[in-house]
Amino acid sequence: MRIYNTLTAKKEEFVPVRPGEVSMYSCGITAYDFCHIGHARSAIVFDVMRRYIRYKGYTITYIRNFTDIDDKIINRGHQEGLAWDAVAKKYIDEYYRDMDMLGVGRADVEPRATDYIGEMIEIVQGLIDKGHAYVSDGSVYFEVGSFRGYGKLSKRDLEDMMAGARIEVNERKKNPMDFALWKASKEGEPAWESPWGPGRPGWHIECSAMSLKHLGETFDIHGGGADLIFPHHENEIAQSEAFTGKPFVKYWVHNGFITVDKEKMSKSLGNFFTIREILHKFDAEAVRFFLLSTHYRSPIEFSDEQLKEAEVSIDRYYTTVLRARDFLALDQSVEKKSVDEQALSDILDSFIVRFREAMDDDFNTALAIGGIFELIRILNKYLDGKPLGVRSAELVTRAEALLREAGDVLNIFARTPEEWYKALMAVKKISLTEPDILSRIEARRQARENKEWAAADGIRKDLDALGIVLEDKKDSTTWKVKV
RNA sequence: GGCGACGUACCCAAGUGGCUAAGGGGGAGGUCUGCAAAACCUUUAUGCAGCGGUUCAAAUCCGCUCGUCGCCUCCA
């Protein structure tokens, strides 16, 4: 397995610190608002990495934190008239609601910053003792110049950064690039006791403290959105390595941004869409599929058209599953070979190998999905040949199992076609109920029996206008939601 | 200003030295069907922003140009 490492700017062979065991940490959210689709991308990307690593046979410990104390949370509390901890609790609950919908699993440990104040104080004190941090006015700052590797992740050097004019002046700091490990609290702000007086932790220190506690001094994978590379992850490296004297992380992975009109989706630009509002228009599986249909490091342009295409793709998948299921329900006592048997048999033999090759190559989900649809096409072609018999049932069963295996890793395609259509009816707000549809199908059946084609076609047209398409089969008519 | 990424068909998107440049969507034509839908077939990039170079061989490596975007400030 090869992983692109931001630290070395190369794809590297993945070798965990401890053989067979993987430790992974990804930066979660600051709980002060509803999550947007960018948060979803990050969460889904790391969810898939975790699933695939597990699928490969490693045991994995996955940590994803919540930042539950921070300026933004405090401010939000003032706006909403809530205590800071009530704000954090509220948005953590909302986070879970969104992530559950998107099929993002819980991490093995989901630590909250405020549960680790003691550990953070210990590290901050250690950094002071080692001469990497200093106290100033009740706050503690990390002295960036004392850590020789500063800038190695984001590929910049201190000199250049200091030349930049966009750094705020703060008399408490020795150097404008120094960052807060511990912030003295102002009157009325949440505060914890510390050797330097009442205060609260800086943002970066929590990840160092929580990963150290749960994963040890050096662990395998640390990830987050690309916007965390600087300063957040750069600062984490400085703190952690200055404190332990050991390498902090082996592989740094960062997901790309979501763009809107080619511009990065961000809070400050206001061009973001919350997960919630998207799920109002599209099924969660379509959202997940959309986010996995592009490689995780590439930017991905968000639009309704893209989501719609994802929906169409998923529909194609479930339509094929339904077709395979209908086929397997047939009486297979007569043997009839499909002309395309060899093609199907061949792709079944190579499918999982190619799926794993794609995923092994820096989690190339886009390529993996391409392989899935290649199999879908060949399976459909095979079924077009109207085969019959034990041998063909075996092939189709195997195809289904392979598709399910790949889908499980990505956590897509896990539903039945019926569940999919039901979900589509809900999200497309189709006013008809299933009995309505079935009674119209029955009316049409009678019309067709009497060769009243105009009446029959009228019923089909009406249903189509309401978002339902009919499919006439040998001796029945089925319906599905139009995508 | 410093650092970096990207530019593949009508759209989305894999591919980073060597078989006919994956896959999806859309368009056109066809098979099937009472008509449809679905599915399948053919077709839609002798070419991968442009120009040079390296090589027996380049979308893939190097250089330049143009364009787009990101980080350098909270940000997934």
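In what follows, chains carry the letters A, B, and so on, assigned in the order in which the sequence lines appear, proteins first and then strands, with residues in each chain numbered from 1. Owing to the predicted nature of the structure, the values given are computational and were not obtained by experimental measurement.
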Participant: Counting distance alone, no hydrogens or angles: does the base of B/C75 have a donor or acceptor under 3.5 Å from a partner atom on the side chain of A/Lys264?
Facilitator: yes
Participant: Taking atom P in both B/A49 and B/C11, what distance in whole Å separates the two?
Facilitator: 14 Å
Participant: Which heavy atom in A/Ala184 sits nearest to a heavy atom in A/Ser139, and how many Å separate them?
Facilitator: N-OG, 3.0 Å
Participant: On RNA chain B, does the nearest nucleotide to A/Ser266 precede the nearest nucleotide to A/Glu263 from the 5' side, or the other way round? Give the residue.
Facilitator: A/Glu263
Participant: Among B/C75, B/G34, B/G24, which nucleotide has an atom closest to any side-chain atom of A/Trp203?
Facilitator: B/C75
Participant: Decide, yes or no, whether a salt bridge links A/Glu94 with A/Arg276 under the criterion of side-chain N to carboxylate O below 4.0 Å.
Facilitator: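 Answer for the salt bridge query: yes.
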Participant: Looking only at the side chain of A/Arg444 (C-beta and beyond, no hydrogens), which of the listed nucleotides B/C35, B/C74, B/G24 gets closest?
Facilitator: B/C35
Participant: Using the C1' atom as the point on both nucleotides, what is the distance between B/G26 and B/C3, in whole Å?
Facilitator: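 Here B/C3 and B/G26 have their C1' atoms 40 Å from each other.
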Participant: Ignoring hydrogens and angles, does a donor from either the side chain of A/Arg460 or the base of B/A36 sit under 3.5 Å from an acceptor on the other?
Facilitator: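 By the distance-only test, yes, there is a pair.
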Participant: In terms of side-chain heavy atoms of A/Ser42, which of B/C40, B/A76, B/C12 is nearest?
Facilitator: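 Selected nucleotide: B/A76.
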Participant: Do NZ/NE/NH1/NH2 and the carboxylate oxygens of A/Asp384 and A/Arg323 come within less than 4.0 Å?
Facilitator: yes
Participant: With a 4.0 Å cut-off, would you call A/Asp70 and A/Arg200 a salt bridge?
Facilitator: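 Salt bridge flag = no for A/Arg200 with A/Asp70.
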Participant: For the side chain of A/Glu309, counting heavy atoms from C-beta on, which of B/U68, B/G24, B/C71 is nearest?
Facilitator: B/G24
Participant: What closest approach, in Å, do A/Val409 and A/Arg51 show between heavy atoms, and which atom pair accounts for it?
Facilitator: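 Heavy atoms only, the tightest pair is O-CD, 3.2 Å.
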Participant: Which of these nucleotides, B/A37, B/C75, B/G25, is closest to any side-chain atom of A/Val312?
Facilitator: B/G25
Participant: State which residue, out of A/Arg112, A/Glu206, A/Lys72, fulfils the side-chain hydrogen bond (donor to acceptor under 3.5 Å, both in side chains) condition with A/Thr67.
Facilitator: A/Glu206
Participant: Output yes if the stacking criterion (under 5.5 Å between centres, under 30° between planes) is met for A/Phe257 over the base of B/G70, else no.
Facilitator: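 Stack criterion not met.
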Participant: Counting primed atoms plus P, OP1 and OP2 as sugar-phosphate and everything else as base, spell out the protein contacts along nucleotides 3-8 of chain B at 4.0 Å heavy-atom distance: B, S or - for each nucleotide, 5' to 3'.
Facilitator: S-----
Participant: Treating primed atoms plus P, OP1 and OP2 as sugar-phosphate and everything else as base, which nucleotides of nucleotides 14-23 of chain B get B, S or - for protein heavy atoms under 4.0 Å?
Facilitator: SS------BS
Participant: Could you measure between the two C1' atoms, the one in B/G17 and the one in B/A57, and give it in whole Å?
Facilitator: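 Between the two C1' atoms, the distance is 8 Å.
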Participant: Quick one: are A/Lys428 and A/Leu466 in side-chain contact, heavy atoms under 4.5 Å?
Facilitator: no
Participant: Return yes if the base of B/C35 and the side-chain atoms of A/Asp472 contain a donor-acceptor N/O pair under 3.5 Å, otherwise no.
Facilitator: yes
Participant: With the threshold set at 4.0 Å, does a side-chain nitrogen-carboxylate oxygen contact exist between A/Arg415 and A/Glu285?
Facilitator: yes
